[in-house]
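Note on naming: letters A, B, ... go to the chains in the order of the sequence lines (proteins, then strands), and numbering restarts at 1 for each one. Everything numeric here is computed off the predicted structure, so don't read it as measured data.
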Amino acid sequence: MTAQADHADPHGQTGRAGLFVEIKDVDLAYGEDAESLAVQGLNLDIREGDFVAVVGPSGCGKSTLLKLVTGLMPPTQGAVYVDGNRVNGTLSFVGMAFQNPTLLPWRNTLRNIMLPLEIVEPHRSRLRREKVAYLEHARNLLRTVGLAPYESKHPWELSGGMRQRANLCRALIHDPRLLMLDEPFGALDAFTREELWCVLADLRRAKQLTVVLVTHDLREAVFLADTVYVMSSRPGRIVHSRRVDLPGTRTLETCYEPAFVDIVHELRGHIERVRCDGPQGIADVPTA
Amino acid sequence: MSPLRKNLERFSPVIVTVAMFVAWEAVARLAKIPSYILPPPSEAVMAGYEFAGPISKHALQTLYTTLAGFGLAVVFGLLVGVIIGSSKLLYRAFYPILIGFNSVPKVALVPLLVIWFGIGTVPAIITAFLISFFPVVVNVATGLATIEPELEDVLRVLGASKLTILLKVGIPNSLPYFFASLKIAVTLAFVGSVISETVASNAGIGYLMMSASARFNVPLVFAGLIVIAAMGIGMYAIFATLEKRTTGWAFRS
């Protein structure tokens, strides 16, 4: 979070200085007509090292945002810059994890989390020669999330929470600079979820990652993020941003403090508003 | 599980098989059914013993045509399955034709095959191939098509090419489907080869049964049936074991 002066770039190929991710006036349509717009007029700036959460009603294009930033989908209008360069094509310094852990059932935990190393350069070509070092690296990562004793277990032998830990490890194994999470804890029970919040917070502190978390859980967003963005219903755009300025390190106890609860409440109000506005907003379009 | 129950489970296939033969024997003898209609299994076994030489010769011929046709089906099935399974366009384009080919009764093709290749080994191999090809293709294609889209996203972000995703995820993912299809395909291949031998051949179990029934040697017909069934079970067992060995992970989740 450096206090660097922002200046517009006239050439359009580079983003503004000091910003790690910059989404600028982006529209994305899945089809030809305006009805199929998933996001419209989307603007979002993320600094390096920031933890950003995006919340919003279901179907508002939160996942589309992830696809835009990772380069899986090109914007129909506008531009996305990551690390100063305009995104065209995928970015291998990104790690991704979804709600569905999608571990490979024929691989054990250790080999599952090492899968990205078989794909991303320069690891791909070094993997065979420096096997020992990479194994050490992977085991260290498993240790930080408490999976060390399970490295030779297969996915069906792990609980849902453990699979999601492994999923996080797989997203982080190639030391990405940007971690994109799409409701990673959505399918877990409340206790496991809170446990994993702490795991993620620890990982982020240890690795100085930039994280974008898409979630519908407001407590999760406030607990983990530095800034929470509220998205409108489809076509999605950012309607509100809230800095989470809670003092000190957050623990699960923090979730019960008035300041925390106030922020969750405030965000809840915004979500309620966009949920009610949504249909009207669409109805307004023809008359506008 | 109690030890009794465990043993029961273990020997249940033997018990049922023996019981079926005993029931058959009892019905045939007690109802005094003439042996040119339904011979008791003991007579079929006797006939099998008596004609052991010709039966084994013809059984080997059938086994040969079946396995040759099945082998072709595996090779081409894998190839076509991987090709249409990894491309949505080709999948859409070829699926109706495949269903069409599969719907044609293979026995109707045998006369055509005879015109093209003459009678004997070649039409039997081709019929076995045609009948066992489809399950391999469909299963391999299905296995490839069931890659989770999220996993594909995770890998594509890392810069994985289509080929890499196919090799690292698609093909291993489709292996259980492939091996499951082998069990089915090999038993179907027997159907194909025997059909063809029955219609147009002078060798093989199908031919043997045809000529035996022409001479009203019904016990020998049944002996042939039992031999085919036994070969089918044997082949099925081999591929079921292979399936468990290679893709055991798929049976545990």
Side-chain angles (χ1 to χ4, degrees), chain A residues 63-64 66-73 82 87 89-108 111-124 153-158 163 167-168 170-174 176 178-184 186-187, chain B residues 78 81-82 85-89 92 136 139-183 239-253:
Chain A
S63 302
T64 305
L66 293 195
K67 296 203 168 175
L68 281 166
V69 175
T70 50
L72 282 171
M73 272 186 188
V82 175
V87 175
T90 56
L91 303 165
S92 62
F93 58 81
V94 177
M96 264 184 129
F98 292 90
Q99 176 173 335
N100 179 356
T102 63
L103 301 174
L104 304 177
W106 56 90
R107 291 185 172 214
N108 66 25
R111 292 202 53 228
N112 252 304
I113 71 160
M114 290 179 79
L115 176 65
L117 300 177
E118 298 166 25
I119 292 163
V120 184
E121 290 294 358
H123 308 296
R124 183 187 183 145
K153 298 280 187 210
H154 284 76
W156 73 82
E157 298 167 292
L158 303 178
R163 281 182 214 166
N167 190 14
L168 280 178
R170 186 178 63 188
L172 292 170
I173 189 76
H174 60 297
L178 179 60
L179 180 62
M180 308 293 272
L181 303 171
D182 192 351
E183 302 200 3
Chain B
L78 255 181
V82 167
S86 48
S87 153
K88 268 205 183 98
L89 176 73
R92 262 187 82 87
V136 179
N139 273 29
V140 170
T142 309
L144 288 178
T146 54
I147 300 176
E148 287 149 308
E150 293 101 333
L151 182 58
E152 228 178 316
D153 280 351
V154 166
L155 299 180
R156 271 180 53 212
V157 164
L158 299 174
S161 63
K162 274 206 138 180
L163 183 67
T164 309
I165 296 178
L166 189 70
L167 291 177
K168 297 272 178 207
V169 184
I171 290 181
N173 190 59
S174 67
L175 281 184
Y177 295 85
F178 171 64
F179 282 109
S181 78
L182 291 190
K183 294 187 299 190
F239 287 104
T241 313
L242 190 66
E243 182 186 11
K244 282 250 151 106
R245 284 270 166 88
T246 48
T247 55
W249 52 267
F251 293 95
R252 273 170 255 190
S253 43

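The residue among A:L66, A:N100, A:T70 with the most heavy atom pairs within less than 4.5 Å of chain B is A:N100. The residue among B:L158, B:V154, B:I147 with the most heavy atom pairs within less than 4.5 Å of chain A is B:L158. Most heavy-atom pairs under 4.5 Å with chain A, from the set B:L151, B:I165, B:V157: that is B:V157.
For A:L115, the part sitting under 4.5 Å from any heavy atom of chain B is the side chain, from C-beta outward, and nothing else.
The shortest non-hydrogen separation linking B:G159 to A:I119 is C-CG2, 4.2 Å. Listed here is the closest heavy atom pair of B:V169 and A:W106: O-CH2, 3.5 Å.
With rounding to the nearest 0.5 angstrom, the CZ atom of B:R156 is 9.5 Å from the CE atom of A:M96. Distance check, rounded to the nearest 0.5 Å: CG of A:L104 to CD of B:E148 gives 8.5 Å. Residue B:E150 holds its CD atom at 6.5 Å from OG1 of A:T102, rounded to the nearest 0.5 Å.
Taking 4.5 Å as the limit, some side-chain heavy atom of A:R124 sits within range of a side-chain heavy atom of B:T164. Using a 4.5 Å cut-off on side-chain heavy atoms (C-beta onward), A:R107 and B:K168 make contact.
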